[in-house]
Amino acid sequence: MAQFSPLYIHNSLTREKELFTPLNGPYVGMYVCGPTVYSNVHLGNVRTFLTFDIVYRYLSFLGYKVRYVRNITDVGHLTGDSDDGEDKIGKKARLENLEPMEIVQKYTNDFHDVMRIFNMKPPSIEPSATGHIVEQIEAIKSIMGRGYAYESNGSIYFSVRKYNEDHPYGELSGRKIDDLLNNTRSLDGQDEKQDPLDFALWKKADASHLMKWPSPWSEGFPGWHLECSVMSTKYLGTQFDIHGGGMDLKFPHHECEIAQNTGATGEPRSVRYWMHGNMLTVNGRKMAKSEGNGFTPEELISGNHPLLERGYSPMTVRFFMLQGHYASTLDFSNDALQAAEKGLDRLMKALSQLDQLPCAAENDNTEVDIRLLAQRCSDAMGDDFNTPILISVLFDAVKLVNNVADGRLAISPQQKGSLTSMVHGYVFDVLGLTQETTAGADSVGESAGLLDLLVQLRGSAKSNQDWTTADAIRDALGALGIAIKDSKEGSSWERS
RNA sequence: GGUCCGAUGGCCGAGUGGCUAGGCUCAGCUCUGCAAAAGCUGCUACAGCGGUUCGAAUCCGCUUCGGACCUCCA
């Protein structure tokens with residue numbers, strides 16, 4: 001890994017950029033909070049998973065062996081933090097008249113489809129909460145054994161106040177327990193709790209509750225925060241490298257995870273680097289299901305949504321998101337999507353030119369410094385996965401490719417080789433962008449032959465200075481979405 | 001009410017105590033039969049008011065505006 005810049009990660013826990021050193025290099029353990037599968041994912045969810053797709057890809061690119069664990073939350077947690085709240089999956093099951101597990105399967109499938117469309121790499125392990133009920137019950141026993149939890153009416157709650165006597169609670173989100181105690185909103189149905197800050201480890205289910213399991217305390221279901229503590233520990237150990245999720249999970253979810261892990265083992269700091277992706281906004285406001293300002297990938301691609309002027313391809317969206325840093329909010333707009341679409345197009349056109357790029361000089365052109373470009377790419381990613389900077393460097397490479405293609409610059413075969421592998425590595429492997437083709441795959445070969453023929457016919461018309469015929473062919477193809485490009489070397493076509 | 005974050009050119013969006021971010025748009029030019037593509041040039045901004053400094057958009061304070069979390073949320 002000597003040729004790469006050191007990697008710095010902004011650690012949400014310390015609020016500082018820290019040099020990344022894995023616990024057991026070259027192995028890296030990463031846990032990311034996955035979706036609750038009770039409805040379709042929306043674009044904001046996609047952004048978070050994209051952020052960690054980039055982290056996963058870049059760590060792999062650097063040569064690390066990453067175990068990437070991303071859970072599926074399929075236990076029906078309550079819609080609110082009160083005892084009378086309905087569970088989300090159960091509610092949806094009643095609405096759609098399906099078994100809860102049918103709901104879970106349906107939206108898990110949808111989630112996987114979306115991840116595939118956006119070219120996200122699947123995680124190494126994708127554990128589900130319902131598959132780890134036994135482990136969660138064991139964890140509750142450990143926490144109770146250390147005196148940080150109590151039973152109330154068949155439910156088990158984590159005692160934040162008791163825990164805070166031994167370990168600081170609120171470190172991650174920068175909260176002080178006294179402030180929390182003074183400012184917690186009064187909610188109904190918290191009679192079972194000794195303290196409003198306490199959170200459920202196990203909830204006793206009422207008769208109408210559909211998803212429930214036996215436990216030593218009651219027939220019920222585990223608390224939301226517990227599954228991540230349990231599954232991360234099971235697959236990555238009591239201490240591991242990276243834990244990620246959306247900014248909105250910082251409090252209370254991740255704070256509670258820390259308390260549970262420490263509460264179960266007595267050892268603080270189970271996670272070495274906490275990473276939080278920022279929110280996607282619309283007109284400056286967080287995109288959220290409850291706001292009604294999100295849309296599904298289907299709507300995004302088709303453009304069938306009031307916020308969308310037209311549809312955008314998945315790679316356009318991916319590129320758009322990568323043009324902003326993961327830790328900043330990113331504002332969605334049609335103008336920005338369209339700008340990204342054109343930029344991506346220019347990048348991809350340059351990439352497809354790489355193969356037939358002419359090489360002239362045997363000796364390296366000293367004006368062309370591929371190593372410096374590669375260095376700048378590595379610096380950008382090493383600085384807390386700064387994809388916007390990486391992309392800006394890649395556009396310098398685009399400029400270089402175009403200059404060579406137009407004969408303004410000459411490069412040696414060696415330079416061409418290193419440029420190609422460098423650019424391919426960052427565009428395809430690190431950023432995970434793909435060349436999108438709009439044509440149906442089965443007819444591509446045939447229509448390509450026909451198009452080549454038309455371009456040839458137009459070429460002869462041109463050499464006869466028959467501009468009428470030449471322009472007629474170009475205009476007719478243009479109307480079909482095929483653009484003709486003339487250059488000194490001849491003409492070519494491409495789908496626009 | 002509490003905690004925290006942000007305010008960058010026509011739009012999006014990086015960055016930073018002195019050195020061109022980048023993309024898109026717009027205008028001019030080169031190339032070209034014309035066009036497209038590509039290239040070059042220009043439009044050169046850091047919310048406002050004070051302060052620190054040789055020097056601040058970048059550090060500090062205040063003001064205004066916006067946002068997030070405090071309740072399920074990526």
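The figures here come from the full heavy-atom set of this structure, side chains too, leaving out hydrogens, waters and symmetry mates. Every chain is numbered from 1 and lettered A, B, ... according to where its sequence line falls, protein lines coming before strand lines.
Ring-plane geometry between Phe199(A) and Phe158(A) is classed as parallel, the angle between the planes falling under 30 degrees on a 0 to 90 degree scale with a further cut at 60. In this structure, His254(A) and His276(A) have tilted ring planes: the angle between them lies in the 30° to 60° band.
Residue Leu431(A) holds its CG atom at 8.5 Å from CG of Leu347(A), rounded to the nearest 0.5 Å. For the atom pair Leu433(A) CG and Asn119(A) CG, the distance stands at 8.0 Å (nearest 0.5 Å).
A salt bridge is defined here as a Lys NZ or Arg NE, NH1 or NH2 lying under 4.0 Å from an Asp or Glu carboxylate O, and Arg310(A) with Glu341(A) meets this definition. Using a 4.0 Å cut-off between charged nitrogen and carboxylate oxygen, Asp53(A) and Arg70(A) do not count as a salt-bridge pair.
Separation of the Tyr273(A) and His243(A) ring centroids does not fall under the 6.0 Å cut-off. For an aromatic pair to be called close, the ring centres must be under 6.0 Å apart, and Phe295(A) with Phe332(A) satisfies this.
Contact annotation for Lys485(A): base contact, defined as any heavy-atom pair under 4.0 Å involving a base atom. Residue His276(A) is out of contact with every strand shown, counting any heavy-atom pair closer than 4.0 Å.
Comparing rC49(B) with rC4(B), their P atoms are spaced 27 Å from each other, to the whole Å. For rG50(B) and rC11(B), the P atoms lie 26 Å apart once the distance is rounded to whole Å. Taking atom C1' in both rC46(B) and rA56(B), one finds a spacing of 11 Å when rounded to whole Å. Nucleotides rG17(B) and rC5(B) are separated by 22 Å at their C1' atoms, to the nearest Å. Nucleotides rG48(B) and rG66(B), compared at atom C1', are 15 Å apart to the nearest Å.
The backbone N or O of Ser128(A) sits nowhere less than 3.5 Å from a side-chain atom of Asp74(A) that would complete a donor-acceptor pair.
Comparing Ile484(A) and Leu344(A) along RNA chain B, the residue whose closest nucleotide (by nearest heavy atom) sits nearer the 5' end is Leu344(A). For the pair Gly343(A) and Leu249(A), nearest-nucleotide mapping onto RNA chain B gives the more 5' position to Gly343(A).
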* Take nucleotides 3-12 of chain B nucleotide by nucleotide from the 5' end and write B, S or -, depending on whether a protein heavy atom sits under 4.0 Å from the base, only from the sugar-phosphate, or from neither. => S-------SS
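Under the rule for a side chain to side chain contact (heavy atoms under 4.5 Å, CB included), the partners of Asp248(A) that lie at least two apart in sequence or sit in another chain are Met279(A), Lys286(A). His253(A) pairs by the ring-ring contact (aromatic ring centres under 6.0 Å, His included) definition with Trp224(A), His225(A), not counting sequence neighbours.
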Anything under 3.5 Å between a protein N or O and an N or O of nucleotides 64-67 of chain B, put it in a table, one pair a line.
unit_1  : atom_1 : unit_2    : atom_2 : d
rG67(B) : OP1    : Arg285(A) : NE     : 3.4
rG67(B) : OP1    : Arg285(A) : NH2    : 2.4

Got a list of protein N/O to nucleotides 41-45 of chain B N/O distances below 3.5 Å?
none

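Every stem involving RNA chain B, taken as at least 3 paired positions in a row under the Watson-Crick or G-U wobble test at 3.5 Å, is listed here: B:1-7 with B:64-70, B:10-12 with B:22-24, B:26-30 with B:38-42, B:47-51 with B:59-63.
Other residues, nucleotides and ligands contribute at most 12 non-hydrogen atoms within 6.0 Å of the CD atom of Gln465(A).
Below the 3.5 angstrom threshold, one finds a donor paired with an acceptor across the side chain of Arg474(A) and the base of rA35(B). For rG22(B), its base never sits under 3.5 Å from the side chain of Asp396(A) at any donor and acceptor pair.
Side-chain N/O atoms of Arg346(A) include one lying less than 4.0 angstrom from OP1 or OP2 on rC24(B). Proximity of Asn403(A) to the phosphate of rG39(B): no side-chain N or O atom is located under 4.0 Å from OP1 or OP2.
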